[in-house]
Amino acid sequence: MERGIEVLPWPAKLPDLNIIESVWDYVKNKLKTSYSNRQELEENIIFIWQNIPSEYIYNLYDSIPRRIQAIIDNKGGPTKY
């Protein structure tokens, strides 16, 4: 226990089932390589976020059973997700 908080052991390479990681990756890949200021960067992130295709999000939701099965098949090990 650390400062009254129980710390649980956590695998170093836990497969991530959270589809938001894929969404952040999508946004990152759409960003330009440079910006003239922070406001321009923020505006571009908002624009990209608001224009993520709905089909992309639906496909991520549809992938959840496959993601779970991949983790089961790999006994908790790394997957392509």
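Values in this document were obtained by computation on a predicted structure and should not be read as measured data. Computation of the quantities below employed the complete heavy-atom set of this structure, encompassing side-chain atoms and omitting hydrogens, waters and symmetry-equivalent molecules.
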Between [X] and [Y], what is the shortest heavy-atom contact and its length?
X: Y26; Y: N51; value: OH-O, 4.5 Å
X: L60; Y: I19; value: O-CG2, 3.8 Å
X: Y56; Y: S22; value: OH-O, 3.0 Å
X: I20; Y: W49; value: CD1-CH2, 3.8 Å

- [ ] Determine yes or no for a side-chain-to-main-chain donor-acceptor pair under 3.5 angstrom, with N29 supplying the side chain and D25 the backbone.
- [x] yes
- [ ] State whether the side chain of N44 and the backbone N or O of E40 hold a donor-acceptor pair below 3.5 Å, judged by distance alone.
- [x] no
Nearest 0.5 Å, please: how far is [atom2] in [Y] from [atom1] in [X]?
X: R67; Y: K80; atom1: CZ; atom2: NZ; answer: 9.5 Å
X: I45; Y: Y35; atom1: CD1; atom2: OH; answer: 7.0 Å
X: I48; Y: K32; atom1: CD1; atom2: NZ; answer: 9.5 Å

Task: Single-linkage hydrophobic cluster V23~Y58, side-chain heavy atoms < 4.5 angstrom - done: no
Open item on the list: Please say yes or no: joined through hydrophobic side-chain contacts below 4.5 Å, possibly via intermediate residues, are L41 and I46 part of one cluster?
Closed with: no
Task: Of I52, N59, I57, the residue whose pairing with E55 passes side chain to side chain contact (heavy atoms under 4.5 Å, CB included) - done: N59
